[in-house]
Amino acid sequence: MTISQHAGISSRFARFVLMGAVVVLLAGCNLFGQPKIKEEAIVPPETLYQQALDEMDKQRYVTAVKTLEKLERQHPFSEFNEKAKLMQVYGNYRIGKFEEAILAADRYTALYPGSKELPYVLYLKGNSYFGQIKDITRDQQISKNAIETYSLIIANYPDSKYAKDAQEKLVVGVDQLAGKEMSVGRYYLGNGNYPAAINRFRVVAEQFQTSTHIEEALFRLTEANLALGLISEAQTAAAVLGHNYPQSSWYKQAFDLLAKQGISPQVNAGSSLAQLKKS
């Protein structure tokens with residue numbers, strides 16, 4: 001046998017072995033097929049709901065939420081569905097999944113607008129926004145959402161047990177928005193952009209009068225207006241500050257600032273700032 005004949009036989013044998021391997025592989029696929037999807041065992045809704053409650057009692061909120069989701073999935077028309085949706089709001093809130101809690105709250109509100117649990121659901125939703133509030137250098141949309149939600153509770157459910165806490169947290173949210181305006185205003189003031197700074201400080205003075213920033217806002221209005229040569233506006237801002245907060249250290253600074261220019265606080269009736277003077 002020549003070398004050429006031997007090479008041909010070897011080549012045919014190799015192709016035969018390769019084809020045999022492919023056949024075996026295909027046969028194996030046909031033999032075993034695709035892995036079967038394990039079917040989920042159906043559990044009675046009352047059992048799942050009680051299981052979720054037990055898990056929450058043990059503070060296993062992640063597992064509890066999964067159990068409630070399973071209840072909804074297996075029994076979409078169960079009498080336990082409303083309770084399950086309510087508990088999902090609570091469970092997600094407790095584990096810090098605030099976005100999921102907000103979505104669950106919106107879903108519950110849409111499905112059960114007449115529920116007696118709505119004040120509680122809104123309260124959890126407001127707290128979910130409140131828990132995400134960032135420092136005043138960041139965007140404050142979350143603060144606005146929290147204020148809006150707490151305002152709904154106060155306006156629609158003033159006698160609920162959640163209204164008082166909602167009011168207290170609303171004050172914090174408002175202070176956050178005022179703080180943001182002050183931060184931007186100070187930036188403009190420091191860079192000599194007095195008109196832009198005045199606009200920011202006026203927002204605080206006119207819209208956030210209950211915030212802790214109101215006294216500084218009136219002082220900054222005195223400072224910025226004086227820098228622009230708007231003497232009457234500067235005097236009015238200082239006068240309002242002194243009338244509303246006579247013991248404020250900010251008023252002393254405003255008074256001294258005007259004194260250096262040989263002027264004193266005085267209300268100009270034509271200024272919109274004069275309307276901020278408390279009676």
Flag side-chain contact, heavy atom, 4.5 Å: Lys144 against Glu148: no

So does Asp256 pair up with Lys260, basic N to acidic O under 4.0 Å? no

Sorted by first residue and then second, give each ring-ring contact (aromatic ring centres under 6.0 Å, His included) pair with at least one member in residues 239-279; sequence neighbours left out. Phe219-Trp250

Expected output: side-chain Glu72 to main-chain Ala84 donor-acceptor under 3.5 Å: no

Under 4.5 Å between side-chain heavy atoms, hopping through other hydrophobics if needed: is there a path connecting Ile153 to Tyr129? yes

Nearest heavy-atom approach of Leu177 to Ile147 is CD1-CD1, 3.4 Å

For Leu257, is there any backbone N or O sitting under 3.5 Å from a side-chain donor or acceptor partner on Gln261? no

Correct closest heavy-atom pair for Ala101 and Tyr93 would be CB-N, 3.7 Å

Sequence-distant partners of Phe80, ring-ring contact (aromatic ring centres under 6.0 Å, His included), two or more places apart: Tyr49

Using a cut-off of 6.0 Å, state whether more than 12 heavy atoms not belonging to Arg60 lie near its atom CZ. no

Please report the closest heavy-atom contact between Leu273 and Val240, naming both atoms and the distance. O-CG2, 3.5 Å

For Glu223 and Arg220, what are the C-alpha separation, side-chain angles and deciding distance, and is it a salt bridge (Lys or Arg N to Asp or Glu O under 4.0 Å)? CA-CA 5 Å; Glu223 184 180 19; Arg220 298 300 178 189; 2.9 Å; yes

Looking just at side-chain N and O atoms, do Gln50 and Glu46 make a donor-acceptor pair shorter than 3.5 Å? no

Value for CG (Leu86) from CG (Leu111), rounded to nearest 0.5 Å, stands at 12.5 Å

Search all heavy atoms of Ala239 against all heavy atoms of Val267 and return the closest pair with its distance. CB-CG2, 3.5 Å

Are the charged groups of Lys164 and Glu168 less than 4.0 angstrom apart, N to O? yes

Transitive ILVMFWY cluster of Tyr188, excluding itself - 4.5 Å side-chain cut-off: Val184, Tyr187

If a pair satisfies side-chain hydrogen bond (donor to acceptor under 3.5 Å, both in side chains) and one of its residues is in residues 204-215, list it, with sequence neighbours excluded. Asp175-Thr212, Arg202-Glu206, Glu215-Ser248

Inter- and intrachain pairs under ring-ring contact (aromatic ring centres under 6.0 Å, His included), touching residues 102-125, at least two apart: Tyr108-Tyr112, Tyr120-Tyr162, Tyr123-Tyr162

May I ask you to check whether over 12 heavy atoms, not counting those of Lys70, lie within 6.0 Å of atom NZ? yes

Check against side chain to side chain contact (heavy atoms under 4.5 Å, CB included), Leu71 and Asn81: CA-CA 8 Å; Leu71 191 160; Asn81 258 10; 3.6 Å; yes

Any salt bridge linking Glu69 with Lys66? Criterion: basic side-chain nitrogen under 4.0 Å from a carboxylate oxygen. no

Residues Met56, Arg94; criterion side chain to side chain contact (heavy atoms under 4.5 Å, CB included); working and verdict: CA-CA 10 Å; Met56 286 195 175; Arg94 285 301 305 266; over 6 Å; no

Might you work through the side chain to side chain contact (heavy atoms under 4.5 Å, CB included) test for Asp139 and Lys134, ending with a clear yes or no? CA-CA 8 Å; Asp139 178 73; Lys134 299 176 175 62; over 6 Å; no

Would a hydrophobic clustering, with Ile, Leu, Val, Met, Phe, Trp and Tyr connected at side-chain separations under 4.5 Å, put Val171 with Val203? no

How far apart are the C-alpha atoms of Ile198 and Leu228, what are their side-chain angles, what is the distance that settles it, and do they pass the side chain to side chain contact (heavy atoms under 4.5 Å, CB included) test? CA-CA 10 Å; Ile198 288 171; Leu228 281 178; 3.6 Å; yes

Taking Ala238's backbone N and O only, do any of them form a donor-acceptor pair with Gln266's side chain (distance below 3.5 Å, no angle check)? no

N/O donor-acceptor pair under 3.5 Å between Thr236 side chain and Asn268 backbone: yes

Kindly write out the residues that satisfy side chain to side chain contact (heavy atoms under 4.5 Å, CB included) with Ala105, not counting sequence neighbours, or none if the list is empty. Val89, Val121, Lys125

Of all heavy-atom pairs between Ala237 and Thr222, which one has the smallest distance, and what is that distance? CB-OG1, 3.4 Å

Where Leu118 and Pro113 come nearest, the two heavy atoms and their spacing: CD1-O, 2.9 Å

Is the backbone N or O of Ala41 less than 3.5 Å from a side-chain atom of Gln74, with the two atoms forming a donor-acceptor pair by type? yes

NZ or CZ of Lys169 within 45° of Phe130 ring axis and under 6.0 Å: yes

Using the ring of each side chain (for Trp, its six-membered ring), is Tyr61 parallel, tilted or perpendicular to Tyr90, with breaks at 30° and 60°? perpendicular

